[in-house]
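Basis for what follows: all heavy atoms, side chains included, without hydrogens, waters or symmetry-related copies.
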Amino acid sequence: MDEVAGAIADPVRRAILTMLRDSRLPAGEIADRFQISRPAVSRHLRVLRESGLVRDELVGRRRFYVLAPERFAELVEWLTPFVQPSGLEHRLDALETEVYRTRRERRTRGPAARAQENTA
């Protein structure tokens with residue numbers, strides 16, 4: 001997990017991962033999208049490859065890079081408790097839903113039913 005977290009710490013590598021989310025791309029096309037040198041992009045691709053976040057496929061003389069999403073699983077599992085709502089948030093959401101439901105029911109019943117409710 002540390003290797004994956006280290007690999008995604010750099011904004012250039014995160015941008016590369018975003019590019020590869022939709023399709024595989026050749027190294028040259030990836031490099032063309034950045035204002036940094038091709039050797040610098042190559043080093044970023046090597047870090048991503050060594051961390052297992054991408055893999056390369058040779059097709060003829062071209063090297064394509066492909067996202068390996070399974071490597072994110074351990075990091076996602078670790079991060080999930082930090083982004084999931086707590087039990088209290090779930091209860092407050094349920095309370096809010098109940099308040100809105102009650103208000104809606106009162107509006108649809110009309111004034112006569114509300115008056116009778118208030119006298120009871």
Side-chain angles (χ1 to χ4, degrees):
M1 178 175 64
D2 292 341
E3 190 176 19
V4 170
I8 64 173
D10 186 276
V12 171
R13 291 193 286 266
R14 288 193 306 269
I16 292 170
L17 292 170
T18 301
M19 284 181 222
L20 296 175
R21 188 174 42 200
D22 298 323
S23 65
R24 70 182 190 164
L25 294 170
E29 190 174 325
I30 294 170
D32 289 343
R33 296 183 185 189
F34 291 98
Q35 301 262 332
I36 59 177
S37 69
R38 284 181 178 258
V41 172
S42 182
R43 285 190 294 274
H44 285 296
L45 287 168
R46 183 174 29 111
V47 169
L48 290 171
R49 194 174 57 245
E50 289 174 355
S51 70
L53 291 172
V54 301
R55 60 182 182 279
D56 59 339
E57 300 173 348
L58 236 59
V59 179
R61 291 178 23 188
R62 294 179 77 186
R63 183 178 305 273
F64 285 86
Y65 285 87
V66 180
L67 188 65
E70 62 277 358
R71 271 299 268 154
F72 289 98
E74 186 180 1
L75 184 60
V76 168
E77 184 179 326
W78 186 82
L79 288 170
T80 298
F82 294 99
V83 295
Q84 284 183 338
S86 68
L88 177 61
E89 289 176 30
H90 282 298
R91 288 191 292 272
L92 290 174
D93 287 344
L95 176 61
E96 180 182 33
T97 301
E98 187 61 24
V99 167
Y100 284 122
R101 185 187 63 75
T102 303
R103 285 180 183 167
R104 187 177 55 247
E105 285 177 358
R106 284 184 178 173
R107 276 194 309 265
T108 58
R109 278 189 268 160
R114 283 195 299 265
Q116 186 178 7
E117 246 179 35
N118 290 334
T119 60

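- Pairing each heavy atom of Val4 with each of Ser51, the nearest pair is CG2-O, 4.2 Å.
- Closest approach of Arg38 to Gly28, counting heavy atoms only: NH1-CA, 3.3 Å.
- Thr18 places a side-chain N or O within 3.5 Å of a backbone atom of Arg14 that can act as its donor or acceptor partner.
- Contact check on Arg24 versus Glu57 returns a salt bridge, with a Lys/Arg side-chain nitrogen under 4.0 Å from an Asp/Glu carboxylate oxygen.
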Side chain to side chain contact (heavy atoms under 4.5 Å, CB included), that's the test. Do Ile8 and Leu75 meet it? Break it down for me. CA-CA 11 Å; Ile8 64 173; Leu75 184 60; 3.5 Å; yes
Verdict with reasoning, Arg33 to Leu25, per side chain to side chain contact (heavy atoms under 4.5 Å, CB included): CA-CA 11 Å; Arg33 296 183 185 189; Leu25 294 170; 4.0 Å; yes
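- Summarising the geometry, atom CG belonging to Leu53 is positioned 6.5 Å from atom CZ belonging to Arg71; distances are rounded to the nearest 0.5 Å.
- Both Phe34 and Leu20 are part of a single hydrophobic cluster, where members link through side-chain heavy atoms under 4.5 Å apart.
- Within the model, atoms CZ of Arg101 and CZ of Arg106 stand 10.5 Å from one another, a figure rounded to the nearest 0.5 Å.
- For CD of Glu70, the number of neighbouring non-hydrogen atoms (other residues, nucleotides, ligands) closer than 6.0 Å is greater than 12.
- Within the model, atoms CG of Leu17 and CZ of Phe72 stand 4.5 Å from one another, a figure rounded to the nearest 0.5 Å.
- With values rounded to the nearest 0.5 angstrom, Arg13 atom CZ is found 6.5 Å from Leu48 atom CG.
- Remark: Arg103 CZ is loosely packed, at most 12 non-hydrogen atoms of other residues, nucleotides or ligands lying under 6.0 Å away.
- With contacts defined as side-chain heavy-atom distances shorter than 4.5 Å, the pair Arg62/Phe64 qualifies.
- Interatomic distance, Ile30 CD1 to Arg63 CZ, rounded to the nearest 0.5 Å: 11.5 Å.
- By the rule that hydrophobic residues join a cluster once side-chain heavy atoms approach within less than 4.5 Å of another member, Val47 and Ile36 end up as members of separate clusters.
- Between Met19 and Tyr65, every side-chain heavy-atom pair lies at or beyond the 4.5 Å cut-off.
- Here the side chains of His44 and Ile16 are in contact, with some heavy-atom distance below 4.5 Å.
- Shortest non-hydrogen contact noted between Glu3 and Glu50 is OE2-O, 3.1 Å.
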